[in-house]
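Small disclaimer: the values here were computed from a predicted structure and weren't measured.
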Amino acid sequence: MLNYKHLHYFLAVARAGGVIRAAERLHLTPQTLSGQIAQFEERLGVALFQRAGRRLELTEAGRLALSYAEEIFQTGAELEDLLRHGAEERFVTFRVGISDVLPKFTAHRLLAPVLALPEAVRLVCQEDRLDRLLADLAIHRLDMVLSDRPMPPGTEIKGYSHQLGESALAFMAAPALAERLGPGFPACMNGAPLLLPGGDSALHTSLPRWLERKGLHLRIVGEFADSALMKAFGEAGAGVFPVPAASVAEVQAHYQVLKLGETAELRERFFLISAERRLTHPAARAVSEQARNGLFAPLAAVTGAAAAAMVLAADAAKD
């Protein structure tokens, strides 16, 4: 049988990124913990860690073991909670994979109906690359996946793509950069620095092609797999960045940036990918129904003047 003590030690080292920090948290000596991990690897017949400088990195087998270990101990915690508080406290766990290029505001708006269901639901979100999320969906470790593109053609994983909606694309910039670029979208962006979504995003190829068709030459100064990190760089003035037009108001309020303009020629689409053709999970149905009932209608966008005043107020508050 699997040694759950060893599995617990493995999980601690994987989360800490090293034996010394994990040993401190477990109140063990590093030598003892290293020995326990070595015994675990010997029993399994695979290496779970590989050294990268002073840190330990997970091998491919280690990443697989980590995903199962987290689920095992999560299930154990749920069982303990159920036995301790009784059946009346029981809840449904809904595990969602979110493609790391999917805008965070969009993901929140899509998943908000889950927490409003009459049933007690525990929402578990996992961010990763789409291919890894689809692999987890195939072995039923996820109930669904949210992405900005459907399942890639030719994939061997059985799944179904349900389009939830789409949005025109807006371009944002920090106030100083927006002032320097001036009016006249999209021509005002010519020569500007551009922050591009990473290779896993549908925009990674479609956005440069659109700019080329428009005769615009932007300098790509950064590519970002994480949409929130891209916006953080944009807020700091590193470059122009795209967002769904439906999220402009939220992005302006959170990141203190201005809208340069938007185009319907470029559209971001959003998909729910499931292992089943018909959605049966109540949480998945709630996500789909909410999206189809006009979720992607743009919120009231903050005007350039109002956004500029908001930025000045925020700066004054910082001072």
Side-chain angles (χ1 to χ4, degrees), residues 67 70-130 132-134 136-137 139-150 159-167 226-229 231-232 243-255 268-300:
S67 64
E70 289 176 333
E71 185 171 356
I72 287 170
F73 287 109
Q74 175 64 42
T75 302
E78 292 174 8
L79 174 60
E80 182 181 6
D81 187 67
L82 175 62
L83 296 176
R84 188 183 302 275
H85 297 104
E88 67 275 6
E89 296 291 328
R90 191 167 186 175
F91 53 82
V92 175
T93 300
F94 186 53
R95 295 181 171 85
V96 181
I98 303 173
S99 175
D100 47 16
V101 297
L102 193 75
K104 303 299 183 288
F105 290 118
T106 299
H108 172 257
R109 293 174 72 184
L110 286 170
L111 292 173
V114 174
L115 299 182
L117 289 171
E119 306 97 317
V121 177
R122 174 176 290 175
L123 180 62
V124 179
C125 296
Q126 173 184 331
E127 266 195 301
D128 209 335
R129 284 175 17 200
L130 180 59
R132 293 176 180 169
L133 295 175
L134 292 178
D136 283 343
L137 181 69
I139 59 176
H140 305 291
R141 294 196 62 252
L142 293 173
D143 296 302
M144 74 176 199
V145 172
L146 294 177
S147 176
D148 69 338
R149 56 192 175 102
Y160 301 92
S161 300
H162 310 265
Q163 184 168 340
L164 297 175
E166 61 181 28
S167 172
D226 186 283
S227 63
L229 183 60
K231 293 179 180 67
V243 301
S247 300
V248 164
E250 294 160 308
V251 173
Q252 283 181 317
H254 188 82
Y255 290 97
E268 274 207 87
R269 298 188 296 163
F270 306 102
F271 293 87
L272 184 164
I273 303 174
S274 68
E276 52 191 12
R277 187 183 297 276
R278 294 185 60 190
L279 300 177
T280 58
H281 197 297
R285 288 204 307 269
V287 170
S288 177
E289 290 168 7
Q290 174 95 346
R292 294 176 187 278
N293 289 334
L295 179 67
F296 290 101
L299 300 178

Chemist: For a quick test of reading the model, state the closest non-hydrogen atom pair linking A228 to D226 and the distance between them.
Modeler: N-OD1, 2.9 Å

Chemist: For the residue pair P244 and F270, what are the closest heavy atoms and their distance?
Modeler: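 Shortest heavy-atom separation between P244 and F270 comes out as CG-CZ, 3.8 Å.
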
Chemist: When rounded to the nearest 0.5 angstrom, what distance separates CG in D148 from CD in E166?
Modeler: 13.0 Å

Chemist: For the atom pair CZ (R269) and OG (S161), what is the distance rounded to the nearest 0.5 Å?
Modeler: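 If I round to the nearest 0.5 Å, the distance is 9.5 Å.
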
Chemist: Looking only at heavy atoms, what is the nearest atom pair of C125 and L111, with distance?
Modeler: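 Here C125 and L111 meet closest at SG-CD1, 3.9 Å.
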
Chemist: Got a donor-acceptor contact below 3.5 angstrom from the S147 side chain to the F271 backbone?
Modeler: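 No, S147 side chain to F271 backbone: no donor-acceptor pair under 3.5 Å.
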
Chemist: Between F94 and A284, what is the shortest heavy-atom contact and its length?
Modeler: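 The pair with the smallest heavy-atom distance is CZ-N, 3.7 Å.
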
Chemist: Working to the nearest 0.5 Å, report the span between CG of L130 and CG of L146.
Modeler: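 Separation between the atoms: 10.5 Å.
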
Chemist: Heavy atoms only: give me the nearest M144-V287 pair and the separation to one decimal.
Modeler: CE-CG2, 3.9 Å

Chemist: Please name the pair of heavy atoms, one in L117 and one in A286, separated by the smallest distance, quoted to 0.1 Å.
Modeler: CD2-CB, 3.9 Å

Chemist: Just grab all the side chain to side chain donor-acceptor pair (under 3.5 Å) pairs involving residues 111-126, residues at least two apart or on different chains.
Modeler: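 Found Q126-D136.
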
Chemist: Show your reasoning for whether side chain to side chain contact (heavy atoms under 4.5 Å, CB included) applies to L133 and I273.
Modeler: CA-CA 10 Å; L133 295 175; I273 303 174; over 6 Å; no

Chemist: Answer yes or no: is there a donor N or O on one side and an acceptor on the other, between the side chain of D143 and the main chain of R95, under 3.5 Å?
Modeler: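 Checking the backbone N and O of R95 against the side chain of D143, a donor-acceptor pair under 3.5 Å is found.
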
Chemist: R149: which residues meet the salt bridge (Lys or Arg N to Asp or Glu O under 4.0 Å) condition with it, sequence neighbours left out?
Modeler: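 In terms of salt bridge (Lys or Arg N to Asp or Glu O under 4.0 Å), with neighbours along the sequence ignored, R149 is linked to D200.
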
Chemist: Does some side-chain heavy atom of V248 sit less than 4.5 Å from a side-chain heavy atom of V251?
Modeler: no

Chemist: Please step through side chain to side chain contact (heavy atoms under 4.5 Å, CB included) for the pair H254 and K231, ending with a clear verdict.
Modeler: CA-CA 10 Å; H254 188 82; K231 293 179 180 67; over 6 Å; no

Chemist: Short question: side chain of S167, backbone of A246 - any donor-acceptor pair under 3.5 Å?
Modeler: yes

Chemist: Distance from I139 atom CD1 to S67 atom OG, nearest 0.5 Å?
Modeler: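 I139 atom CD1 to S67 atom OG measures 6.5 Å (nearest 0.5 Å).
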
Chemist: Let's go through H162 and S288 carefully: what are the C-alpha distance in whole Å and the side-chain angles of both, what is the deciding distance for side chain to side chain contact (heavy atoms under 4.5 Å, CB included) to 0.1 Å, and is it a yes or a no?
Modeler: CA-CA 8 Å; H162 310 265; S288 177; 5.6 Å; no

Chemist: For residues 98-105, which side-chain N or O atoms pair as donor and acceptor with protein atoms under 3.5 Å away, sequence neighbours left out?
Modeler:
| residue | atom | partner | partner atom | Å |
| --- | --- | --- | --- | --- |
| K104 | NZ | E127 | OE2 | 3.0 |
| K104 | NZ | S227 | OG | 3.2 |

